[in-house]
Every structure is written in structure tokens, then in C-alpha cells.
Amino acid sequence: MLAMFKSIPTHMVSLPVMDYKGQKLAEQIFQGIILVSAVIGFVYGLFIQQFGWTVYIMLAGFTVSCLLTLPPWPMYRKNPLSWQPAVPETSGEIRDKPQESQSQKKKKHK
Amino acid sequence: MNTVLSRANSLFAFSLSVMAALTFGCFITTAFKDRSVPVDIHVSKVMIKNVDDFTGPRERSDLGFVTFDLSANLRPIFDWNVKELFLYLTAEYSTRSNALNQVVLWDKIVLRGDNTKLNLKEVKSKYFFFDDGNGLRANKNITLTLSWNVVPNAGILPLVMGSGHKSLTFPESYEIAKSY
């Protein structure tokens, strides 16, 4: 019965996903943009004495952040994870796998 | 942060927290301002009648009619944290039966962006100036003051009294107008 679950693919190559360094970069970028637009908005609103402009500048910063960090641009996929090569699926795989991992471990120790 | 929805959630929550901090900043820059300006009130005509007051416990009560002029410059009150002002004209006096009476005679809403120079002439009172009893006749000291309620974008709603008031006396008998 376990063979049924093992045959479901666990990673999808079709949807582009950000890698970990890319996620960190995206978070830094949007936090930076929002904070900068907040400071600019606050100072400008205080200068012309209209709080509406502070909100507009914040919304502009929010929109720019959305465009820059929500879609997974190529700059966020510069450090992809290096997966192990896929093991070819055979009928005797379940019995073979524990032995293979043991043999891989033996190789690493050497 | 590996899916679009997860990033969108994080971005939106962060923006909302920053927006809340900005609103607090807006409040703190105007929290300790003095919002009082000088007000000039002038009264042109007063009259009293003694009529049936169906809302009161007695048969007849005094009803006052005041015609007044108002002038004030409200521009200094409006800053980035003021949405509107609610102005109201109060008449304050004391009678033999009640030590303190306060009656609102007239009010006006001044929105942000409206004309802030108040220059009204020959304004009749908007609301009935009923007394609780018959204490308006020959009353020596009725004080009119203009106050306002500041409605902010963020923070406390203070009630501010304008500096400047007008004292007037009501006539000795009913149905006879007294001009100033």
C-alpha cells in the first residue's frame, strides 16, 4: 500500500518557486520599500498638513513592493537547491532503498 | 515565503502595521496643541415670549429669541489631523429656580476645505431658547459663548471654548423687542 503514496511526485518542476536566499532578498526589499515610503509620506504629509498624501504615498510604496516581490522574478532564483539525482523507480525499490542509503552512507564516511 | 500568497500575506500585514504607526505619529504631532481662537459675538435683537411648553412640567415657560452676529477666523485650528469642526453657540445663565442653565441656540459643521473665515450677520437662533420656568424675563446676565468640538483623523475629540463671549440682558416684559 505504501507504494501508492511513494509514486506521487513530491516536488513540482513546472511552477517557479523562489529559493531561500531569494525569499530573504524579497523580504528585505519589500520591508525597505515600505519603510522608505512611510518616512517620505510622513514628512511630506507633515509639511503640507494633509494626512491624505501620507496614505497615498504609502499605497504607492505598497504597489511597487507588490510588483517587485510577489511574482517569482529570476533574481530570486539565483541560488537553487541542489537536489540529489532522482533514483530510477523499479518494482523492487522498497526493498532496495534501505540498502542503497546504507551504501551511500558508507561512501560518505570514506 | 515560498508561495505568492504567503508573501502577499506578509507584505500586507507589514504595510498595515507601518500604517498604524504613521497614524499614531500623526496623532502625537497634534495631541498637545491649543485649539482655541478669539471669537467675536455681537447681538442685535432680543425678545421674549411666554408660551405653552408642552415638553415641560408647567403651563407656560419663557421663550427667548436672539438675533446675533458671529465672526471668527478658524484657519489656525485646521491641521493635518482635523477632519471637521462642530461649532455650537451656548447661552449660559442662572435663575431663581436653577443655579446653572446652558442652552444650545445654534450650531454648524465646518468641514476641512470649507471656508474657515466665519462672518455671519443677523443670524436667528436655530433651536428654541426655552427656559425651565419663567426665569428669562428681566434676567440681567445671559452669556453667549461659541465653542467647538474638534473631530480628528486619529486621537481624542476635544471640546474647546472660543475666547470671547457676549453678555446680554433680556427685556423686562414680554413681546417687546430690545435692540442693541
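Convention: sequence-line order gives letters A, B, ...; per-chain numbering from 1.
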Search all heavy atoms of [X] against all heavy atoms of [Y] and return the closest pair with its distance.
X	Y	answer
Val18(B)	Ala38(A)	CG1-CB, 3.4 Å
Pro71(A)	Arg7(B)	C-NH2, 4.3 Å
Ser15(B)	Phe62(A)	OG-CD1, 3.1 Å

Under 4.5 Å to a heavy atom of chain A? For Thr29(B) that would be side chain
Name the region of Thr23(B), side chain, backbone, both or neither, that has any atom closer than 4.5 Å to a heavy atom of chain A.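 Both backbone and side chain.
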Verify the neighbour count for atom [atom1] of [X]: are there more than 12 heavy atoms of other residues, nucleotides or ligands below 6.0 Å?
X	atom1	answer
Lys21(A)	NZ	no
Lys45(B)	NZ	no
Lys124(B)	NZ	no
Met75(A)	CE	yes
Leu81(A)	CG	yes

Taking atom [atom1] of [X] and atom [atom2] of [Y], what is their separation to the nearest 0.5 Å?
X	Y	atom1	atom2	value
Tyr20(A)	Asn2(B)	OH	CG	7.5 Å
Gln23(A)	Ser10(B)	CD	OG	10.5 Å
Phe12(B)	Ser65(A)	CZ	OG	13.0 Å
Asn153(B)	Gln50(A)	CG	CD	10.5 Å
Gln49(A)	Phe78(B)	CD	CZ	12.5 Å
Phe51(A)	Lys83(B)	CZ	NZ	14.5 Å

Review point. So which of Leu11(B), Asn81(B), Leu5(B), Asp79(B) has the biggest tally of heavy-atom pairs under 4.5 Å with chain A?
Key: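 The residue among Leu11(B), Asn81(B), Leu5(B), Asp79(B) with the greatest pair count is Leu11(B).
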Would [X] and [Y] show up in the same hydrophobic cluster when neighbours are defined by side-chain heavy atoms closer than 4.5 Å?
X	Y	value
Phe14(B)	Leu16(B)	yes
Met19(B)	Tyr56(A)	no
Tyr93(B)	Met47(B)	no

Heaviest contributor of heavy-atom pairs below 4.5 Å to chain B, chosen from Thr69(A), Asp19(A), Leu46(A), Thr54(A), is Leu46(A)
Would you be so kind as to tabulate the donor-acceptor pairs closer than 3.5 Å made by side chains of residues 132-140 of chain B, with sequence neighbours excluded?
{"residue": "Asp132(B)", "atom": "OD1", "partner": "Arg58(B)", "partner atom": "NH1", "Å": "3.0"}
{"residue": "Asp132(B)", "atom": "OD2", "partner": "Asn98(B)", "partner atom": "ND2", "Å": "3.3"}
{"residue": "Asn134(B)", "atom": "OD1", "partner": "Asn50(B)", "partner atom": "ND2", "Å": "3.0"}
{"residue": "Asn139(B)", "atom": "OD1", "partner": "Asn141(B)", "partner atom": "N", "Å": "3.3"}
{"residue": "Asn139(B)", "atom": "ND2", "partner": "Ser94(B)", "partner atom": "O", "Å": "3.4"}
{"residue": "Asn139(B)", "atom": "ND2", "partner": "Gly135(B)", "partner atom": "O", "Å": "3.0"}

| request: Please report the C-alpha distance between Trp80(B) and Phe47(A) in whole Å, then the side-chain angles of each, then the deciding distance to 0.1 Å, and finally whether the ring-ring contact (aromatic ring centres under 6.0 Å, His included) criterion is met. | output: CA-CA 9 Å; Trp80(B) 71 332; Phe47(A) 180 65; over 10 Å; no
